[in-house]
Amino acid sequence: MLLSNNWNNNRNGSGGSKFGNGGGKFGGNNVSKFGGGGGRFGGSGGGFGGKKEFGGGQNMKRPNWDSVSLQPFNKDFYNPHPSVLNRSPYEVEDYRNKHEITVSGVEVPNSIQHFEEANFPDYVLQSISGQGYKEPTAIQAQGWPIAMSGKNLVGIAQTGSGKTLAYILPAMVHINNQPPIRRGDGPIALVLAPTRELAQQIQQVASDFGNTSYVRNTCIFGGAPKREQGRDLERGVEIVIATPGRLIDFLEKGTTNLQRCTYLVLDEADRMLDMGFEPQIRKIIDQIRPDRQTLMWSATWPKEVKKLAEDYLGDYIQINIGSLQLSANHNILQIVDICQEHEKENKLNVLLQEIGQNQDPGAKTIIFVETKRKVENITRNIRRYGWPAVCMHGDKTQQERDEVLYQFKQGRASILVATDVAARGLDVDGIKYVINFDYPNSSEDYIHRIGRTGRSKAKGTSYAFFTPSNSRQAKDLVSVLQEANQVVNPQLQTMADRCGGGGGGWNRSRFGNGGRGGGGSFKRGSNFGRGGGGGGHKRFNDY
DNA sequence: AAAAAAT
């Protein structure tokens with residue numbers, strides 16, 4: 001056994017009040033403390049009802065948690081390793097600085113620096129080393145001790161930063177500390193994600209680590225037959241990973257319920273809000289017992305996300321990896337070509353040829369296009385020129401989407417043409433080039449798109465065709481380029497100067513700052529401001 | 001105006 005058991009003293013030392021009565025168990029009676037109508041949780045009550053299709057909620061009443069007889073929920077699995085507890089504040093500070101970790105909140109546990117310190121049980125550690133992971137990433141180093149303490153957590157971090165593992169492994173530990181699932185029980189852990197592909201990626205990670213822990217999972221999403229998903233739910237699973245719509249469907253039908261759910265993860269919360277999922281998310285969370293642990297992840301920290309955190313997380317610890325300023329991966333060479341709309345097609349052909357000539361055979365390319373229809377057209381055109389292209393967008397059946405992604409991953413087709421459905425979270429190895437055939441609607445989207453390349457320390461190149469109709473975005477783009485130490489196309493600079501005025505509202509207005517619950521203000525890296533040029537921080541992968 | 005997400 002790796003785990004020593006003298007943690008009990010330490011825990012008492014930091015005040016038993018943290019966990020309520022000091023006893024680990026939260027029985028049904030304790031729950032009422034949190035529940036009740038006007039409590040701190042679920043304050044926004046019937047916050048749904050906006051959208052017709054999903055709204056209503058007639059079929060799904062919010063449980064009265066006082067009257068629901070809940071299975072006990074064991075929060076008493078906090079097991080911090082003495083070496084972490086005894087680590088000097090300076091060492092912790094130093095580690096956080098080096099990894100650009102900023103934290104806010106009350107009683108933030110020290111970060112770990114090695115897997116062994118996380119105090120995961122042996123079976124989890126074994127699967128970690130079995131998968132070939134060496135060192136925890138920044139988000140894991142700081143996220144694990146917090147998640148393992150049972151506290152609520154807000155993590156501002158990107159996909160590819162290792163955040164999936166940061167919440168899945170503690171989920172395993174959490175689950176294994178709960179009474180087993182019984183007949184008719186819903187899942188203990190629920191992960192909500194914005195897109196079907198992302199949900200499936202998360203499920204893959206959960207399966208990789210779940211097998212050794214005897215933790216079952218299922219992935220619930222639309223576009224696929226219901227039968228199998230429903231069967232999984234009825235049979236009983238510990239983890240459900242879901243996109244909101246289909247899950248609500250199952251909840252309304254009573255196929256599953258969330259009365260056993262004590263570990264909730266909201267992944268890419270900003271994205272889910274962008275996509276208008278807020279009513280659905282609220283509807284789902286209102287089905288989950290208030291004494292749960294909640295972990296919310298977001299790439300950005302706009303006020304909508306902050307509001308969600310305030311409504312549903314109560315007290316939480318916030319961690320932020322890298323600067324709060326949105327910045328592109330510095331491993332990517334960014335090239336911006338100013339042109340007219342009608343020139344694009346020809347330019348694409350030339351570009352593909354250039355790429356084709358000097359690239360290694362395994363290299364992959366993603367081409368981002370504005371609309372589904374244009375995706376189809378462009379794919380047809382470049383295929384006519386002999387390029388091995390496949391395409392993906394939201395009108396394709398899920399089966400087609402899965403198949404296309406598989407072909408692209410396998411390298412059977414090295415070019416993927418896609419709408420923004422593929423802009424975020426898509427984790428495919430070997431993408432060398434990203435071509436923004438149509439410039440996206442925001443710098444945020446741009447950064448996410450080009451982030452499909454240059455993952456885990458690899459180099460990548462991005463191209464963007466930038467037309468006069470995009471000129472409103474010129475200024476923002478220039479700051480992104482400057483921040484990443486890129487050469488700025490003089491024509492782009494001219495456009496940015498001409499379209500001065502307000503310039504790039506998103507990044508000022510959309511980022512609040514963290515800090516909550518009397519724990520001092522959010523500590524910022526030295527590069528926090530909108531400084532151009534100098535920044536040495538890497539947002540996406542300094543791991 | 002477009003994209004994503006339940007049927």
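Remember, it's a predicted structure, so these values are computed and weren't measured experimentally. Chain letters run A, B, ... following the sequence lines, proteins first, then strands; residues in each count from 1.
The distance between atom CG of A/Asp270 and atom P of B/dA3, rounded to the nearest whole Å, is 21 Å. As a whole-Å value, the separation of A/Leu233 CG from B/dA6 P is 14 Å. When rounded to the nearest whole Å, the span between CZ of A/Phe221 and P of B/dA6 equals 9 Å. To the nearest angstrom, C1' of B/dA2 lies 15 Å from CZ of A/Phe368. Rounded to an integer number of Å, the gap from A/Ile281 CD1 to B/dA5 P is 14 Å. Between the C1' atom of B/dA3 and the CG atom of A/Asp438 lies a distance of 13 Å, rounded to the nearest Å. Rounded to whole Å, the distance from CZ on A/Phe277 to C1' on B/dA3 is 11 Å. B/dA3 atom P lies 11 Å from atom CG of A/Asn441, rounded to whole Å.
Contacts of A/Arg449 classified as salt bridge (charged side-chain N to carboxylate O under 4.0 Å, His left out), with partners at least two apart in sequence or in another chain: A/Asp420. Partners of A/Asp185 by salt bridge (charged side-chain N to carboxylate O under 4.0 Å, His left out), not counting sequence neighbours, listed by chain and number: A/Arg260.
No salt bridge links A/Glu304 with A/Arg271; every basic N to acidic carboxylate O contact stays at or beyond 4.0 Å. Salt bridge status for A/Arg216 with A/Asp232: absent, with no side-chain N to carboxylate O gap under 4.0 Å.
Here B/dA6 is the nucleotide among B/dA5, B/dA1, B/dA6 with the atom lying nearest to any side-chain atom of A/Asp249. Comparing atom distances between the A/Glu252 side chain and each of B/dA6, B/dA1, B/dA3 picks out B/dA6 as nearest.
Taking 4.0 angstrom as the limit, A/Arg449 places none of its side-chain polar atoms (N or O) nearer than this to OP1 or OP2 of B/dA3. Considering only side-chain N and O atoms, A/Arg196 lies under 4.0 angstrom from the phosphate OP1 or OP2 of B/dA6. In this model, the phosphate group of B/dA6 is approached by a side-chain N or O of A/Thr243 to a distance below 4.0 Å at OP1 or OP2.
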